[in-house]
Amino acid sequence: MNSLSTSKLPRRIEGLNELAYNLWWSWHTEARELFKVLDRPLWKATGHNPVRLLQQIAPYRLVAAAQDPAFLEKYDSVMGEFKAGMSSDRTWLNKEYPHLAQHSIAYFSLEFAIHNSLPLYAGGLGILAGDYCKEASDLGLPMVSIGFMYPQGYFHQQISVDGWQEDVYHELDFNEAPITRVLTAQGQAVNVEVPLDARPVQVAVWQVNIGRVKLYLLDTNVENNPASDRQLSARLYAGDREMRLQQEIILGIGGVRVLRALGIEPAIWHANEGHTAFMMLERVRELVAKGMDFAKAANKVRATTVFTTHTPVPAGNDVFSLDLMEGYFHRYWGSLGLDRDAFFSLGVQESDNVVFNMTVLGLRMADLRNGVSQLHGGVCRRMWHCLWPDVEEKDVPIGSVTNGVHVPTWLAPQTARLYERHLGHDWLERHDDPALWEHVLDIPDEEIWALRRWLKYKLVSSVQDRSRKRWAEGQVAPVQALATGALLDTETLTLGFCRRFTDYKRAALILHDVDRLKRILQNELQPVQIVFAGKAHPDDERGKQLIQEVYNAAKDPEFGGRIAFVEDYDMHVARYLVHGADVWLNTPQLLQEASGTSGQKAALNGALHLSVLDGWWYEGYNGANGWAIHQDIESPASPDSHREDAEELYNLLEEKIVPLYYERDISGVPHGWIRVIKEAIRSNVPLFSARRMAKEYTEQMYLAAAQANETMRMGASHPPRILDTSHTSNDASETPIPPSASVSTHGTIQIEGSE
Ligand SMILES: *Cc1c(COP(=O)(O)O)cnc(C)c1O
């Protein structure tokens with residue numbers, strides 16, 4: 001086991017070890033403080049990683065802490081809260097649905113973003129999975145999660161002087177990560193075997209504690225495996241299609257085997273995106289091995305499976321050529337009781353007989369299906385109508401559960417203190433209750449303004465700190481100091497655009513008319529600055545070109561240092577940006593943003609959303625809580641929409657946003673601006689929280705799956721098929737997708753579509 005030498009920790013505070021290995025600390029401010037006060041510079045130097053901190057800290061500091069009454073008081077209070085947080089008697093689930101507590105929920109995802117010390121994510125999909133696990137812990141959902149242990153994770157980004165993204169990989173030191181090896185009762189490492197075509201691959205398992213939730217990470221870097229297989233799980237979204245297929249086989253099939261090896265019998269299985277859908281096949285195989293025929297086994301599996309799809313863009317769907325599939329599954333399909341054609345029919349669309357589509361497999365093998373916003377639910381029903389040709393589009397059985405963010409994770413500590421002062425000390429326990437947030441209207445404007453100024457100061461100084469560090473490394477040209485934010489200013493209206501760089505997100509939309517933008521940014525009395533951040537997928541040339549375009553603008557002296565590109569966007573950078581920006585900018589092509597979550601994090605801290613009316617904003621915008629571009633969803637595909645959207649964006653900035661921000665009273669407080677902030681917090685925070693989302697998954701999906709499981713366990717010969725969508729928030733009657741919008745499911749480019 002990867003534990004610290006506890007002998008180093010004084011007895012009185014030895015609980016710090018357990019705390020360091022449970023990422024519960026990461027969303028509890030007091031727990032973070034506890035590690036931080038042990039040694040502030042080291043806390044920063046270790047990237048806020050308590051495991052590393054405890055390994056590297058000078059022993060005398062620990063001894064001193066163990067004798068310091070102020071520290072001990074904090075320590076006892078945090079440990080008390082931690083213990084209470086780990087027991088499950090007083091959770092929401094236990095109060096509302098105690099019978100569900102007996103059923104474990106297995107949650108599969110290719111990415112998990114929990115904290116930067118465990119870099120197992122690329123972007124939005126991983127953030128969603130991480131936030132969901134934390135909320136599951138807070139609510140007491142009996143969840144176990146399955147993912148991959150990538151020692152090199154996703155790449156780190158550096159931008160060259162000519163604006164080109166360079167991908168750099170760092171090897172994670174497992175000893176410094178909050179993971180432990182999973183052992184059997186006899187103390188042996190748990191290992192399962194997964195066949196990749198003819199050869200067996202050994203899979204080892206690591207455990208991460210996320211509060212009450214356990215995340216099991218699969219790792220193929222095992223001694224007995226040949227070198228190529230040991231590398232299989234090295235990186236996320238790297239390598240070719242074949243490697244990706246191998247990863248998905250390991251995750252889906254291996255994930256089920258790991259749960260069995262650990263003696264866990266989930267009643268509910270939740271697949272987060274198509275990457276994980278092979279887990280459905282493996283469960284069918286198990287039943288067929290016990291003598292059931294395929295049809296019956298498949299029905300059983302479907303009734304207990306939830307499938308969440310995140311991709312509204314055809315290119316984002318995960319597909320494999322039939323040749324490739326055949327190579328890996330020709331031995332497997334017999335064990336499902338299927339022949340070649342029947343097997344392929346699970347993942348092939350009638351209309352498009354060339355590829356095996358993981359989204360199609362997920363939709364066919366799960367009875368509970370959803371998109372991730374109301375608008376996206378409608379897009380999915382249109383996109384996948386072909387799979388249910390006999391029903392009307394509005395009756396296609398795909399519902400929606402809108403994404404939300406984990407409030408304690410994305411809240412700045414200062415924002416939390418403000419809410420605590422004005423909403424009551426138990427506000428966090430009630431944060432999905434809209435009534436609670438009515439009280440935001442009573443907070444004095446001056447306090448909100450003081451918070452906003454502080455958060456922007458933190459943003460600007462952290463960006464400049466990074467810029468200075470890169471400078472000190474000595475490999476950057478002077479103009480790169482300008483491009484990375486050296487001249488940002490703390491009093492200037494600040495827009496944040498931070499997301500994956502890929503065509504449909506249109507990072508360069510705001511650069512459409514460079515002269516007009518220069519006038520806006522360089523206005524002497526009412527200046528504006530923009531902070532960009534985001535990675536492009538290593539294979540996404542177009543995404544890299546967009547970065548270059550933005551970076552070159554940031555270098556252009558005529559913008560006067562008012563555009564900055566922050567390298568290596570990750571959770572840590574994201575926190576500063578979503579806290580400190582005044583306006584959060586989002587300009588995707590309409591109907592292509594499934595949900596988006598960064599704007600929800602921003603709203604939580606009083607940063608206002610300026611976005612195309614897409615994804616969650618279609619539900620979130622009420623006319624008084626931010627700004628919307630392209631409100632006419634009837635014309636999503638107009639050939640000129642790029643120009644039109646850009647002009648609308650400039651008009652909003654020039655006529656509404658900039659003047660409102662700079663309209664101050666005698667002490668410099670912008671009351672009109674703060675009115676919008678209060679309205680954004682009041683209307684958005686309770687609805688776009690992971691708490692509301694997790695309760696919806698529970699009430700609309702898990703209860704049905706648990707009931708189906710129970711019915712089957714009692715020996716009913718046919719599981720109830722859940723075909724109607726009335727159980728989900730499928731607002732079919734109000735499907736907002738215009739009749740003219742066409743969505744296609746064809747596409748061969750393989751660019752990661754994970755939000
Ligand atoms: C929240 C977040 C995302 C997702 O943002 P979108 O709004 O969906 O583009 C991606 N990356 C990081 C690091 C985040 O924190």
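Start at 1 with the first residue, then count along the sequence. Quick caveat: nothing in here was measured; it's all calculated off a predicted structure. Note that ligands are numbered from 1 as they come in the structure, with each ligand's atoms numbered from 1 the same way. Values below: every heavy atom of this structure, side chains too, minus hydrogens, waters and symmetry copies.
For the residue pair T494/Q529, the side-chain donor-acceptor check at 3.5 Å is satisfied. Remark: the N625 side chain and the S683 side chain contain an N/O donor-acceptor pair separated by less than 3.5 Å. Judged by distance alone, the side chains of H406 and T409 do bring a donor and an acceptor atom under 3.5 Å apart. A donor and an acceptor atom, one from each side chain of Q157 and Q165, are located under 3.5 Å apart. Under 3.5 Å, the side chains of Q589 and D645 contain no donor-acceptor pair of N or O atoms. In summary, the side chains of T484 and R466 do not present any donor paired with an acceptor at a separation below 3.5 Å, with no hydrogens or angles considered. Of the N and O atoms on the side chains of T597 and N403, not one donor lies less than 3.5 Å from an acceptor on the other residue. Side chains of N586 and S611: a donor-acceptor N/O pair is present below 3.5 angstrom, by distance only.
When each atom of ligand 1 is checked for a heavy atom of M571 under 4.0 Å away, the hits are 13 (C). Residue contact check: A574 has heavy atoms under 4.0 Å from atoms 15 (O) of ligand 1. The distance from ligand 1 to the heavy atoms of D570 drops below 4.0 Å at these ligand atoms: 13 (C). Within ligand 1, the atoms closer than 4.0 Å to a non-hydrogen atom of K601 are 1 (C), 2 (C), 3 (C), 14 (C), 15 (O), numbered from 1 in the order shown. Proximity to G596 (heavy-atom distance under 4.0 Å) selects the following atoms of ligand 1: 7 (O), 8 (O).
Taking both residues in full, the closest heavy atoms of L546 and A508 are given as CD2-CB, 3.9 Å, listed atom of the first, atom of the second, then distance.
Any N or O atom pair closer than 3.5 Å counts here, and R500 shares no such pair with ligand 1. Between R499 and ligand 1, an N or O atom pair is found at a separation short of 3.5 Å. For ligand 1, none of its N or O atoms has an N or O atom of E593 under 3.5 Å away. When only interatomic distances are considered, the shortest N/O to N/O separation between Y121 and ligand 1 does not fall below 3.5 Å.
Here F497 has no heavy atoms under 4.0 Å from ligand 1, in either its backbone or its side chain. Counting heavy atoms closer than 4.0 Å to ligand 1, residue V573 contributes nothing at all. In S598, the parts holding a heavy atom less than 4.0 Å from any atom of ligand 1 are both the side chain and the backbone. For I127, every heavy-atom contact with ligand 1 shorter than 4.0 Å involves the side chain, none the backbone.
Contact analysis puts K505 in contact with ligand 1, with a non-hydrogen atom separation below 4.0 angstrom.
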